[in-house]
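Comments concern the structure below.
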Amino acid sequence: IAGNWVEVWENVGADEVLAGTNDVDAFLHYPWRVEVAPVGPSVDSRSQVLLAKTMIEAFESSGLSPVVCSDFESEL
């Protein structure tokens, strides 16, 4: 997607109760993990921020609560 590889993993240790808390580590208990990383150096940080924002909107429109862990979290 947009010059990135994407991996989606099921979290076999997911816990709906823990995922629903306000704990800073609640995302560790989400049922799915999605990782996105640039394939090459041609993908700049501005593109990554745009992709992350687009993915956040897509997840939220489906009723999900995504958490982005990145070097650019403050830009989201």
Atom CD of Gln48 and atom CG of Leu76: how far apart are they, to the nearest 0.5 Å?
->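 That separation rounds to 11.0 Å.
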Roughly how far apart are Leu51 CG and Ile56 CD1, rounded to 0.5 Å?
->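 The distance works out to 9.5 Å.
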Which pairs with one or both residues in residues 5-27 pass salt bridge (charged side-chain N to carboxylate O under 4.0 Å, His left out), sequence neighbours excluded?
->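 Counting only pairs at least two positions apart or across chains, no salt bridge (charged side-chain N to carboxylate O under 4.0 Å, His left out) contact touches residues 5-27.
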Closest non-hydrogen atom pair between Glu75 and Lys53, with its separation =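 Scanning both residues, the minimum pair turns out to be O-CE, 3.4 Å.
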Return the minimal non-hydrogen interatomic distance between Phe72 and Ala52, and the atom names on each side.
->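 Smallest heavy-atom distance, with atoms named: CE1-CB, 3.7 Å.
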Taking salt bridge (charged side-chain N to carboxylate O under 4.0 Å, His left out) as the test, write out the residues that go with Glu35, two or more places apart.
->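 Counting only residues at least two positions away or on another chain, Glu35 forms a salt bridge (charged side-chain N to carboxylate O under 4.0 Å, His left out) with Arg33.
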Going only through I, L, V, M, F, W and Y residues with side-chain contacts under 4.5 Å, is there a path from Met55 to Trp32?
->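 Yes, it is one cluster - the side chains of Met55 and Trp32 are joined through contacts under 4.5 Å.
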Quick one: do Leu28 and Val8 end up in the same hydrophobic cluster if we chain Ile, Leu, Val, Met, Phe, Trp and Tyr together by side-chain heavy atoms under 4.5 Å apart?
->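 Different clusters: Leu28 never reaches Val8 through Ile, Leu, Val, Met, Phe, Trp or Tyr contacts under 4.5 Å.
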Intermediate values then yes/no, side-chain contact (heavy atoms from CB on, under 4.5 Å), Val36 and Ile1 | CA-CA 9 Å; Val36 180; Ile1 298 175; over 6 Å; no
Would you mind reporting whether Asn11 and Pro31 have side-chain heavy atoms less than 4.5 Å apart?
->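 SC-SC contact between Pro31 and Asn11 ruled out.
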If we only count heavy atoms from C-beta on, is the Phe59 to Val34 side-chain gap below 4.5 Å?
->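 With C-beta onward as the side chain, the pair touches.
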For the pair Ser62 (side chain) and Ala58 (backbone), establish whether a donor and an acceptor sit closer than 3.5 Å, ignoring hydrogens and angles.
->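 Present.
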Side chain Glu60, main chain Glu57, donor-acceptor under 3.5 Å |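 The answer is no, because no donor-acceptor pair under 3.5 Å joins these two groups.
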Identify the residue among Leu18, Val68, Val67 that makes a side-chain contact (heavy atoms from CB on, under 4.5 Å) with Phe27.
->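 For Phe27, the side-chain contact (heavy atoms from CB on, under 4.5 Å) check succeeds only for Val67.
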All side chain to side chain donor-acceptor pair (under 3.5 Å) counterparts of Ser47, not counting sequence neighbours |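 Listed in chain order: Asp44.
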